[in-house]
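I have placed the structure first, in the form of C-alpha cells, so that the comments after it can refer back to it.
Proteins get letters first, then strands, A, B, ... in listed order; numbering begins at 1 in each. What's counted below: heavy atoms across the whole structure, side chains too, no hydrogens, waters or symmetry copies. Everything quoted here is computed from the prediction, not taken from an experiment.
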Amino acid sequence: MLRKRIQPMVLQARRLYVDIMFQVMGRALQAVSEVDETVQNDARALPEGLLFEMMVMPDGPRLIVEHTGNGHFHYHGESAPRPIDLSIQFKHIAHAFLVLSFQEKTAEAFAHDRMLVDGDLSYAVRMTRVLNRLEAFILPKLIAERAVKEYPASLHLPEKLVSAARIYLKVATNFVETVRA
Amino acid sequence: MSQKYYEFFCPVKVIAGKAALEHIPYELTGLAAKRPMIITDKGVRAAGLLDPVIAACEESGLDIVSIYDDVPPDSSTSVVRDIAGIYRQEKCDAIIAVGGGSSIDTGKAVNILVSEGGDDIAKYSGAGVLKHPLKPFFVVPTTAGTGSEVTAVAVITDEKKGVKLAFTSSFLLPNAAIIDPRMTLTLPPHITAATAMDAMTHATEAFTCMAKNPLSDAYATAAVKKVSQSLLNVMDNPKDTDGRLELAQASTMAGIAFSNSMVGLVHSLGHATGAICHLPHGLCMSLYLPYVLEFNLESIREPLGELLLHLEGPEVYSATPASRRAEASISAIRKLRDQLYKRCQLPRTLKETGKVLESQLDHIAEQALDDGSIMFNPKEVTLEDAREILRRAWA
C-alpha cells in the first residue's frame, strides 16, 4: 500500500533529476568548451551550426547545444532554433537515469542498446568523447570512474580542480542569467 | 542487482548445406513470390556461380525474370536507383542477392526503394527510418566472411555528396540466407584467407567487446572453432566441400554474433585503412587483429583466455596455465596468420601490403577515432594509442 503511494513520487523525482541533470550538462558543455583545449579540438571537427540534442524518447527531457564554431558550444535549453542535426536518444527515462546517476557508463549504455543515434555516427562518437571529458572534469574521480570507460591518466588533480571550478562558476552564472531573464 | 542487459535478434532463416540452392523455389513460393530478380556482379556471373541458382529455380518452374550483374565493388545511390527501375519495369516481386558484401548491400537498398517507393534512397538513410516489412529478399553469399546475410545494415555511397550512407533497420534482414558450399568452391586462396580472417575477427571482437552477451558468445565461439579447424585444410584442399561449408557457416555465425554484440577497435582501424589506402576489409582485419588484442589485453584477459579452447582445442587449452591463456590465444592467431602468409602471402603487417605509406598512419589513426565501432572497444583509445598500434602493425 505504502509502496503504491510512494512509487509515483519516486518516478516523478527520477524525471525531475534527469531534467535537472540535462540542464546542468547543457550549461556545462558550453562551459567546458570555453575552458578546455582538448574539448575544443574535438568539437572543432563538427560542422559550424551543428545542433546536438540529448533527449529521452518519446518527448521527455532534453538538452540542446549548438556548435557555434571554433570548438565552442552554446546551450539552447530544451528548444531548438531549427531542425536537430544529431540526436542521442534514450529509449526510456529509466535508462537516462542509469547514465545520469552514474550507475552505467555512456559507452555501456550504447552497448546495452539503451540509446539510439540519429545523425552522423562519427559526430556522435566525438560528442561522446566530449561528454566523457566533461564528466572527468566535473565529477569526483571515484564517481567519474563509474561514468567513463577509462579515467584519463593525464588529468591530474590541480588541472581538474581549476577547470572544474571554472566550469561550475560558468554553469552557476548561466543559471542565474536564465532565472533573471 | 546486476546491470547486465542485452538484446539479441536474428529472424533470418538459414538454409545451409548440400543442395541448399534447390530450396530457393520452395521458399519463394512460400512467400507468394513468382517473379524474382537476381542482383549480382560480373565476377560472380563470369565464375558461373549464377548457373546453379538459375537451374535450381527453372527446374521447379520458377523463372528468374531479371538479372542485374553490374554491381560495382563500392555500390552507389545511382546503381540502386537504376536496379529499382528495372525491378519495377519487369514487375518483379522478390530479390535474390548473389555475391559478396556489395551485392548484398545493394540488394538491401534496392529492396527499400521497391518496397517504400521513390527514387531517392538517401532519404531512408539512418537508423529506424523503415517502419514496414519489405519485399521478399533472399541472400546467397559467394564469400565466407562478411556475414552481411545476417546483418541489419547496408552501406551505399552517395556519389553526389561523396559520403557513405548507412541504412539500419531489422527490415533489411533477408527472409533467408542460403549457404551452399558450391558458391565458395572457386574462391581464390588469398580471398578465402582474407574473408575467413574477417569472420575470425567478427567472432573474436564479438566475444571480447563491450556488448558481448551469452547468445552472441555461443555463435562467436562456434565460429572461431570452425575457422580454426577448417581454414588451413581448405587452403590446402580448395575443393574440400565440407571445409568450405564449415567456413561459410562460420561466417554466418560470426555475422549473427557481431550484429548483436558489435565490434571494436580492429574494425575502427580497418574501416579507416580501407577508406584511406583502399585495402580489402578482410585483409585489414587479419592485419590488425593481434595488435589490437595485445592493446586490449588487460581489459579482455578472461574472455580472450577462454577463446584458446576454440582456437587450439582442449589439449592445448588444458596444458596452458590459466594466467597464460590470453597470450596463447594471441599467439594462436599469429600462428594462423603465419601459415596463411606461407600459403598465399596474406600480409601480416602494413608494410607487407605494399599499399600503405608510413606517412598515412597519422591520418588512419585520426579517422579510426571517429569510427562508430570504437565506442564498443573494451578499452578507451586515445589518438596516441591508435598511433602506437599502427606503428606496431607497420612492420
Side-chain angles (χ1 to χ4, degrees), chain A residues 38 41-47 57-58 84-89 91-92 94-95 97-99 101-133 135-136 144-155, chain B residues 1-9 125-129 153 155 161 163-170 205-206 208-213 216 259-265 267-268 271-272 275 295-296 298-299 366-385:
Chain A
T38 308
N41 286 339
D42 256 330
R44 221 168 257 135
L46 301 171
M57 294 172 84
I84 295 290
D85 300 297
L86 172 66
S87 180
I88 294 182
Q89 303 166 347
K91 288 181 181 171
H92 194 275
H95 304 150
F97 183 75
L98 281 174
V99 172
S101 59
F102 317 113
Q103 296 176 62
E104 193 165 86
K105 301 174 199 296
T106 312
E108 274 175 353
F110 273 116
H112 291 164
D113 286 303
R114 316 276 199 204
M115 300 195 288
L116 301 173
V117 173
D118 189 3
D120 190 311
L121 198 54
S122 66
Y123 296 156
V125 173
R126 273 184 184 267
M127 285 308 298
T128 306
R129 271 206 301 275
V130 168
L131 286 165
N132 284 344
R133 179 90 180 155
E135 286 174 327
E145 281 172 341
R146 294 167 59 104
V148 300
K149 207 191 277 182
E150 204 169 290
Y151 189 83
S154 58
L155 183 56
Chain B
M1 189 175 73
S2 168
Q3 293 286 8
K4 284 194 177 147
Y5 171 87
Y6 68 91
E7 294 178 7
F8 186 93
F9 184 69
S125 68
V129 178
V153 183
V155 179
K161 292 183 184 166
V163 294
K164 290 202 170 191
L165 301 173
F167 304 83
T168 311
S169 167
S170 56
E205 289 216 292
T208 54
C209 285
M210 288 185 75
K212 78 196 287 314
N213 66 69
S216 68
S259 63
N260 281 283
S261 60
M262 310 310 287
V263 285
L265 182 57
H267 275 76
S268 312
H271 292 154
F295 169 75
N296 284 335
E298 291 314 320
S299 308
E366 282 160 21
Q367 198 157 318
L369 234 53
D370 280 346
D371 191 84
S373 51
I374 209 162
M375 197 94 84
F376 302 98
N377 194 65
K379 190 175 169 186
E380 194 67 83
V381 188
T382 64
L383 186 58
E384 197 38 53
D385 293 332

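- Of the atoms belonging to A:Val117, it is backbone heavy atoms, and not side-chain ones, that fall under 4.5 Å from chain B.
- Contacts between B:Lys379 and chain A at a heavy-atom distance below 4.5 Å involve backbone atoms as well as side-chain atoms.
- By the 4.0 Å N-to-carboxylate-O rule, A:Arg126 lies too far from A:Asp120 to be salt-bridged with it.
- Rounding to the nearest 0.5 Å gives a distance of 5.0 Å between CZ of B:Phe167 and CG of B:Leu165.
- With respect to the salt-bridge test (charged N to carboxylate O, under 4.0 angstrom), the residues B:Glu7 and A:Lys91 qualify.
- Residue contact with chain A, scored on non-hydrogen atoms closer than 4.5 Å, is absent for B:Met262.
- Between B:Tyr5 and A:His112, the ring planes lie perpendicular to each other; the angle is over 60°, past the 30° to 60° tilted range.
- Only the side chain of A:Asn132 comes within less than 4.5 Å of a heavy atom of chain B; its backbone N, CA, C and O stay farther away.
- For chain B, the nearby parts of A:Asp113 are the backbone and the side chain; heavy atoms of each come within less than 4.5 Å.
- Remark: the backbone N or O of B:Val263 is not paired with any side-chain donor or acceptor of B:His267 at under 3.5 angstrom.
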